[in-house]
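In what follows, a structure is listed as C-alpha cells, so that the remarks can point back to it.
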2 protein chains.
Amino acid sequence: MPTKVHQRTRSDHASEVAEDYVEAIADAIADRGICRAVELVNQFGVTHATVNNTIKRLQRDGLVKTAPYQPIELTERGKRLASQSRRRHEIVQAFLQKLGVSARTAATDSEGIEHHVSKETLGAMKRVLDNGWPTG
Amino acid sequence: MPTKVHQRTRSDHASEVAEDYVEAIADAIADRGICRAVELVNQFGVTHATVNNTIKRLQRDGLVKTAPYQPIELTERGKRLASQSRRRHEIVQAFLQKLGVSARTAATDSEGIEHHVSKETLGAMKRVLDNGWPTG
DNA sequence: CGGCTAAGTTAGCCGCGGCTAAGTTTGATT
DNA sequence: AATCAAACTTAGCCGCGGCTAACTTAGCCG
Ligand SMILES: [Mn+2]
Ligand SMILES: [Mn+2]
Ligand SMILES: [Mn+2]
Ligand SMILES: [Mn+2]
C-alpha cells in the first residue's frame, strides 16, 4: 500500500491553503477586530488578485463570508477550522523549538510541516511538550 | 519577515514532485536494475498520462533521461538529488518512529513532512537518532 | 508469422494558485 | 464638494499536476 501514502500527501496539500487563510483571518480579527484583504496580501506575499481568487474559493467552500469592498469574515466552519489549525501549528512549532531548533527555523519549517502531521504524530509531540522526552 | 515563511513553503512544494520521483526511480533501479513508467504509476497512484507529463518536466529540468518506450534513467544531477532526498526521508521517518509513532503513520506523515525539513531541523533529528534525546 | 496484451503515447480537458494590467470603489483630506 | 491614494475588482494569462479517451508500440506466445 505505498500508493496511498502519496495520496494522503496530495490531500493534505488540497486543504493547506484553506487552513493557512482561515488561521490568518482569525488572527487578524483577533488582533484588529477586522480582516481586510490587504492584510492577507502582506501575510502571504502574493498579489491582491490572488487573494481575491482564493477568498472566492473559500467562500464557495463555506469557510468565509464576504461582499465586494467589505471585510472578510469567517463562517462557523471557518472558525472551527481556524482554531484547529492554529492549535496544531502551535504544537508543531513549539515541538521543533523544544528539539533545539531556533525560533526562526521553527517558524519557517512548521508552516509547511503542520499540514502533514496526523493526529497520532500530533499526540506524540504534545506528549513531549507536556511530559518531556520519551524514555529509551 | 512572516511573508517569506509562506514563500519557503511554496518553494518546497515546487521541488516536491521531483524529489519523490527521482527517489522512486533510484529505488526501482536499485531493486530491479531498471525503472519503467508503470512502476511509477503504481507507486504514486496516478495515471500513465500523468507519469508521462511529469517525466517530461523532469527531463526538461535535467534530472532524468529517457526515450519513447525506453526505461527511465537518472542524470548525475538526478542521482544526487535522489540520494539526498532518500537520506532526508529516512531520517525524518526514523525520527518519528523514535518519537513513538507507529511505523505506518511514520511512513505516511514523513512522505509530506520531509519536503519541509530544513538542514537545521534535519540536524536536530539526526542528533536525536545518534545521541538520544536532548537534556532538559 | 500473426495476434494479443501490456506498456506507452498523445490530445484535450480541468481546477488550483500564481501573475500583470487596467479599471472601480471608498474614504480621508483639503 | 472635489481630489487623491489606497484598497479592491476584473479580465486574461500561465504552469503544474491531475484526468479520460483513443491510439501506437513492443514483445511474447501460439
Ligand atoms: Mn498555519
Ligand atoms: Mn501552513
Ligand atoms: Mn515525499
Ligand atoms: Mn507540503
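Bear in mind that the values here come from a model prediction, so they are computed numbers and not experimental data. Lettering of chains follows the sequences in order, A, B, ..., and the numbering in each one begins at 1.
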(message) Can you measure B:Asn53 atom CG to C:dG8 atom P for me and round it to whole angstrom units?
(response) 15 Å
(message) I need the A:Leu122 CG to A:Arg88 CZ distance, nearest 0.5 Å.
(response) 8.0 Å
(message) Heavy-atom nearest nucleotide on DNA chain D for B:Thr50 versus B:Asp61: which residue maps closer to 5'?
(response) B:Asp61
(request) May I ask you to decide if B:Val46's main-chain N or O and B:Thr50's side chain share a donor-acceptor pair within less than 3.5 Å? (result) no
(request) Answer yes when A:Lys79 and A:Glu76 have at least one side-chain N-carboxylate O distance shorter than 4.0 Å, and no when they do not. (result) yes
(message) For the residue pair B:His116 / A:His115, report whether a side-chain donor-acceptor contact shorter than 3.5 Å exists.
(response) no
(request) Using heavy atoms to find the nearest nucleotide of DNA chain C for A:Ala18 and B:Thr66 separately, return the residue whose nucleotide is more 5′. (result) B:Thr66
(request) Taking only heavy atoms on the protein side, list every residue of residues 27-38 of chain A lying under 4.0 Å from any atom of DNA chain C, sorted numerically. (result) none
(request) Starting at CD of A:Gln70, measure out to CD1 of A:Ile34 and round the result to the nearest 0.5 Å. (result) 8.5 Å
(message) Using whole Å, what does the distance between atom P of nucleotide C:dA21 and atom NE2 of A:His48 come to?
(response) 17 Å
(request) Give B:Val17 one of three labels, base, sugar-phosphate or nothing, depending on what nucleic acid heavy atoms sit under 4.0 Å from its own. (result) sugar-phosphate
(message) What is the first contacted nucleotide of DNA chain D and what is the last, in 5' to 3' order, if contact means an atom lying under 4.0 angstrom from a heavy atom of chain A?
(response) D:dA7 to D:dG18
(request) Would you kindly give the CG-to-P distance between B:Asn52 and C:dG8, to the nearest whole Å? (result) 9 Å
(request) Indicate whether the side chain of B:Thr105 and that of B:Thr108 have a donor and an acceptor atom separated by less than 3.5 Å. (result) no
(message) When you compare the side chains of A:Gln59 and A:Thr66, does any donor N or O come within less than 3.5 Å of an acceptor on the partner?
(response) no
(message) Quick test of your reading of the model: are A:Arg8 and B:Asp109 salt-bridged, counting only N-O distances below 4.0 Å?
(response) yes
(message) Do the side chains of B:Arg86 and B:Glu90 get close enough for a salt bridge, i.e. N-O under 4.0 angstrom?
(response) yes
(request) Over all heavy atoms of both residues, which pair between B:Leu96 and B:Ser110 is shortest? Give the atoms and the distance, please. (result) CD1-N, 4.0 Å
(request) Give a yes or no on whether A:Leu40 and A:Val38 share a hydrophobic cluster (residues Ile, Leu, Val, Met, Phe, Trp, Tyr; joining criterion: side-chain heavy atoms under 4.5 Å apart). (result) no
(request) Just report the end-to-end axis angle for the helix from C:dC1-D:dG30 to C:dT30-D:dA1, five pairs per end, to 10 degrees. (result) 10°
